[in-house]
Amino acid sequence: MRDGPTAGKTFSGPFARIPAALGAFLLPSKAVTDDSADLDAIDELLEAGDLEGARSKLSQATEQGNALKVLRIKLSMYDGSLSPGAAMQRLIQIMRTDANAPRAKELYQEASNSAYQSRQSSVSHSHPPPPTDSEDDS
């Protein structure tokens, strides 16, 4: 008797000719959810610099929870496809709907520090100083 996820299953359609023993390799692996163990594993991959590993795990995600959105933002920020400023804007949108979104505040702080260090963000850019009256004008 066969064991495993394809035990006793028959395939139809384009998979009808594939032996059931090979079917186990074709079935999708466990989907990533908002489960904290899955999220922790992805976050560890990101922190270790394994962006491809994290990307692979995130591509398996079937749910679209805020925690997964935050990790996708983190991946995009780490691989350079999303600037820290844009990451901050996306994180603000998430935190407006869920103030306690896992990892959002920490990533926002990291993005803010990164933007400041790279001079992409400055208070003077978003809020220019008011005009001053010089003594020569009076």
Side-chain angles (χ1 to χ4, degrees):
M1 182 174 213
R2 292 182 302 210
D3 292 336
T6 60
K9 293 187 179 180
T10 58
F11 295 100
S12 61
F15 299 107
R17 295 181 185 207
I18 299 173
L22 293 176
F25 297 105
L26 299 175
L27 293 176
S29 60
K30 178 183 170 260
V32 175
T33 63
D34 271 347
D35 179 45
S36 65
D38 290 335
L39 299 175
D40 290 342
I42 294 169
D43 201 24
E44 287 173 15
L45 289 170
L46 288 168
E47 291 297 325
D50 184 1
L51 303 184
E52 289 308 313
R55 184 174 284 113
S56 173
K57 291 247 185 228
L58 284 169
S59 71
Q60 297 171 11
T62 57
E63 295 184 21
Q64 296 298 318
N66 284 333
L68 285 167
K69 289 178 186 176
V70 170
L71 288 174
R72 285 188 177 99
I73 292 169
K74 187 173 190 174
L75 172 62
S76 297
M77 194 173 85
Y78 280 20
D79 73 7
S81 63
L82 186 66
S83 71
M88 290 167 49
Q89 290 176 355
R90 289 186 185 178
L91 290 166
I92 288 170
Q93 290 174 343
I94 290 170
M95 291 187 290
R96 281 184 178 157
T97 60
D98 181 3
N100 297 316
R103 299 173 173 82
K105 290 178 184 176
E106 295 84 1
L107 184 57
Y108 181 89
Q109 185 65 44
E110 185 178 337
S112 176
N113 289 338
S114 178
Y116 180 77
Q117 289 172 353
S118 64
R119 299 178 185 239
Q120 292 179 2
S121 175
S122 170
V123 174
S124 64
H125 290 133
S126 58
H127 302 288
T132 59
D133 292 46
S134 66
E135 293 179 13
D136 296 333
D137 292 340
S138 359

- prompt: What's the shortest heavy-atom distance between M88 and A111, and which atoms?
  reply: CG-CB, 3.6 Å
- prompt: So, do L107 and M77 sit near enough that their side-chain heavy atoms are less than 4.5 Å apart?
  reply: yes
message: Rounded to the nearest 0.5 Å, what separates atom CD1 in I42 from atom CG in L58?
response: 4.5 Å
query: Can you tell me how far the OG atom of S59 sits from the CD atom of E52, to the nearest 0.5 Å?
result: 10.0 Å
- request: To the nearest 0.5 angstrom, please state how far the CG atom of L45 sits from the CG atom of D40.
  value: 11.0 Å
message: Within this structure, what is the CG-CD distance for the pair L91 and Q89, rounded to the nearest 0.5 Å?
response: 10.0 Å
message: If the test is side chain to side chain contact (heavy atoms under 4.5 Å, CB included), which one of V70, I73, N66 qualifies with R103?
response: V70
- line: Across all chains, not counting sequence neighbours, the side chain to side chain contact (heavy atoms under 4.5 Å, CB included) partners of N113 are Q109
query: Are N100 and D98 side-chain neighbours, meaning at least one heavy-atom pair lies under 4.5 Å?
result: yes
Spacing of CG belonging to D50 relative to OH belonging to Y78, to within rounding of 0.5 Å: 13.0 Å
field: Pairs satisfying salt bridge (charged side-chain N to carboxylate O under 4.0 Å, His left out), at least one member in residues 70-94, at least two apart
entry: D43-K74, E47-K74, R55-D79
